[in-house]
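Residues take their numbers from the sequence shown, with the count starting at 1.
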Amino acid sequence: MELFWYIVLVTMLAVYVILDGYDFGAGIIHLFFAKTEKDKKAITSAIGPFWDANEVWLIAAGGVLFFAFPTLYASSFSGFYLPLIMILWLLIFRAIGLELRGQVHNALWELIWDRAFGVASLLLALFFGVALGNVVRGVNLGMVENGVSTQEAHYFFLPLWNPEFSPQAEHLGIIDWFTLFLGVVSVVALTIHGANWIIYKTNSSLNGKLKKVVFVLNFVLLALVVVSLLSWHIIEPNPFHNFFEHPMLWLFPIITFIGLFGMFKVRTFKKDGMGFLFSSLFLFGGLASTVASIFPKLLPSTNTVNPSLTLFNMAAHEYGLSVGMNWFFIALVLVIVYMVVQYRVFKGKMDDVGYGEH
């Protein structure tokens, strides 16, 4: 039962990364590459009907976390309090940037909200990558000092960074060189993903340029992925032990590299949606590979005093999990129907949707 809800949680997070990930990437493209009003409108039109629905997946994942793994929910939301508040404000500014821009037709007003939308999208991509880095690296559960636990075994709190800026310090921070590096990987990957979505959903004059950007950034992404795999050995001496014990898990890294190498052909694809398909495969495979590498841990402990938080020692009572399964399948059917209708209504190119115009 715990495994079922674990798979549900990870799947929801993967769907969120793929769907809201292209919103973040579109915002980054909007910030750096959209110079004309026509291109800006094309980008916002491409994501306008979808972005708020995409964010629901994050809320749903939080609900599953609260329901199925309540102790982990309590531990992580207190320990990661500072970055979570920052992410909340960035989500707000990204949303109001989209919604308020068209309310007043003034150059300065539009510039302010364009920057709010773009910068918030960039920082969200960075912070979600940093968040993944924290999960991979682990935290000092129980706030152990000199071999003695000063708090409950599942409690921790992290400042934004530590003086050493090191992922191996006794007093860890949210941001160190390892987590920041994964944040950069996230920014590059989601920029590519957003560019592929714009190519797929618009006939913007940017599309030719974006194909070149994707091709160049893909080399950067490949180099970053290789370096991240090497640096992972510094954090975890044997990071691939699960893959050798369970060879079926190699499917996820294979999906990752199929997506990565497929994107190198972005300039020759006859169908605009192929680039988005390959970047989606990369994001799904990368997240699934990361999760598989630390399984069954949900949040590793960096000390030897308190055990890591796993899906087995963090799960709610089996009765509650079984009752929740009945409601889950009802919700799943409703979500599938909603998404099918939404993407059918807004299928094809979105240049003329005119989102945010009043």
Side-chain angles (χ1 to χ4, degrees), residues 1-20 54-85 87-88 91 128 131-144 149-158 172 174 242 245-246 249 252 284 287-336 338-339:
M1 193 63 68
E2 297 94 339
L3 183 60
F4 170 81
W5 285 106
Y6 175 76
I7 293 172
V8 169
L9 177 62
V10 173
T11 301
M12 283 184 169
L13 289 173
V15 173
Y16 173 73
V17 168
I18 292 171
L19 295 185
D20 215 23
N54 294 340
E55 287 186 350
V56 172
W57 287 97
L58 181 62
I59 299 170
V64 170
L65 182 63
F66 174 75
F67 159 73
F69 307 101
T71 307
L72 175 66
Y73 176 91
S75 176
S76 57
F77 271 65
S78 61
F80 294 128
Y81 178 80
L82 292 176
L84 286 173
I85 290 297
I87 286 173
L88 176 61
L91 287 170
F128 278 115
L132 182 62
N134 275 267
V135 173
V136 171
R137 179 205 62 196
V139 297
N140 184 14
L141 291 172
M143 306 289 287
V144 172
S149 182
T150 61
Q151 303 288 338
E152 293 180 83
H154 61 269
Y155 178 84
F156 70 95
F157 180 81
L158 297 179
L172 296 168
I174 298 291
N242 277 342
E245 293 176 9
H246 308 283
L249 294 178
F252 297 128
F284 171 78
L287 181 62
S289 298
T290 304
V291 169
S293 69
I294 65 173
F295 182 85
K297 297 176 183 176
L298 297 170
L299 190 60
S301 174
T302 58
N303 61 68
T304 58
V305 177
N306 296 309
S308 299
L309 307 185
T310 72
L311 72 154
F312 300 114
N313 63 19
M314 289 290 104
H317 192 276
E318 186 173 352
Y319 174 76
L321 297 180
S322 61
V323 171
M325 186 180 294
N326 300 323
W327 294 100
F328 168 76
F329 286 111
I330 296 174
L332 180 63
V333 171
L334 294 174
V335 168
I336 291 173
Y338 173 82
M339 292 195 66

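The environment of Phe157 atom CZ is dense: over 12 non-hydrogen atoms of other residues, nucleotides or ligands sit within 6.0 angstrom. For OH of Tyr81, the number of neighbouring non-hydrogen atoms (other residues, nucleotides, ligands) closer than 6.0 Å is 12 at most.
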List the steps and the verdict of side chain to side chain contact (heavy atoms under 4.5 Å, CB included) for Leu311 and Phe295. CA-CA 9 Å; Leu311 72 154; Phe295 182 85; 3.8 Å; yes
Stepwise side chain to side chain contact (heavy atoms under 4.5 Å, CB included) check, Trp57 with Asp20: CA-CA 9 Å; Trp57 287 97; Asp20 215 23; over 6 Å; no
As a quick check of understanding, evaluate ring-ring contact (aromatic ring centres under 6.0 Å, His included) for Phe312 and Phe69, giving each step before the final call. CA-CA 9 Å; Phe312 300 114; Phe69 307 101; 9.5 Å; no
Determine whether Ile87 and Phe128 satisfy the following criterion, side chain to side chain contact (heavy atoms under 4.5 Å, CB included), listing intermediate values before the conclusion. CA-CA 8 Å; Ile87 286 173; Phe128 278 115; 3.9 Å; yes
Side chain to side chain contact (heavy atoms under 4.5 Å, CB included) between Leu309 and Lys297: does it pass, once the steps are laid out? CA-CA 6 Å; Leu309 307 185; Lys297 297 176 183 176; over 6 Å; no
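Note: Leu287 CG to Leu13 CG = 7.0 Å, rounded to the nearest 0.5 Å. With values rounded to the nearest 0.5 angstrom, Ile7 atom CD1 is found 7.0 Å from Thr11 atom OG1. Here the straight-line distance linking atom OG1 of Thr71 with atom CD of Glu152 works out to 10.0 Å at 0.5 Å rounding. From Tyr16, atom OH reaches atom CD of Glu55 across 6.0 Å, with rounding to the nearest 0.5 Å. To the nearest 0.5 Å, the span separating CZ on Phe252 from OG on Ser293 amounts to 11.5 Å. Between Tyr155 atom OH and Leu141 atom CG the span is 12.0 Å, to the nearest 0.5 Å.
Taking the six-membered ring where tryptophan is involved, the planes of Phe156 and Phe80 are perpendicular, since the angle between them exceeds 60° and thus also 30°.
Remark: side-chain polar atoms of Ser75 are paired, donor with acceptor, to backbone N or O of His154 under 3.5 angstrom.
Pairing each heavy atom of Met12 with each of Val64, the nearest pair is SD-CG2, 3.6 Å. Listed here is the closest heavy atom pair of Ser301 and Ser308: N-OG, 2.9 Å. What you find for Met325 and Phe329 is that their closest heavy atoms are O-CD1, 3.1 Å.
Using a 4.5 Å heavy-atom cutoff, the side chains of Val335 and Met339 are in contact. Residues Glu318 and Glu2 fail the side-chain proximity criterion, which asks for heavy atoms closer than 4.5 Å. For the pair Leu58 and Leu91, the minimum side-chain heavy-atom distance is below 4.5 Å. Between Leu65 and Phe77, the closest side-chain pair of non-hydrogen atoms falls below 4.5 Å. Using a 4.5 Å heavy-atom cutoff, the side chains of Thr290 and Val136 are in contact. Taking 4.5 Å as the limit, every side-chain heavy atom of Leu299 sits out of range of all side-chain heavy atoms of Ile294. Residues Leu321 and Phe67 form a side-chain contact, since some pair of their non-hydrogen atoms from C-beta on lies under 4.5 Å apart. At least one side-chain heavy atom of Leu3 sits less than 4.5 Å from a side-chain heavy atom of Tyr6.
Between Ser149 and Asn306, the side chains place a donor N or O and an acceptor N or O closer than 3.5 Å (distance only, hydrogens not considered).
Under the side chain to side chain contact (heavy atoms under 4.5 Å, CB included) test applied with Val139, the options Asn303, Thr302, Leu158 reduce to a single match, Leu158.
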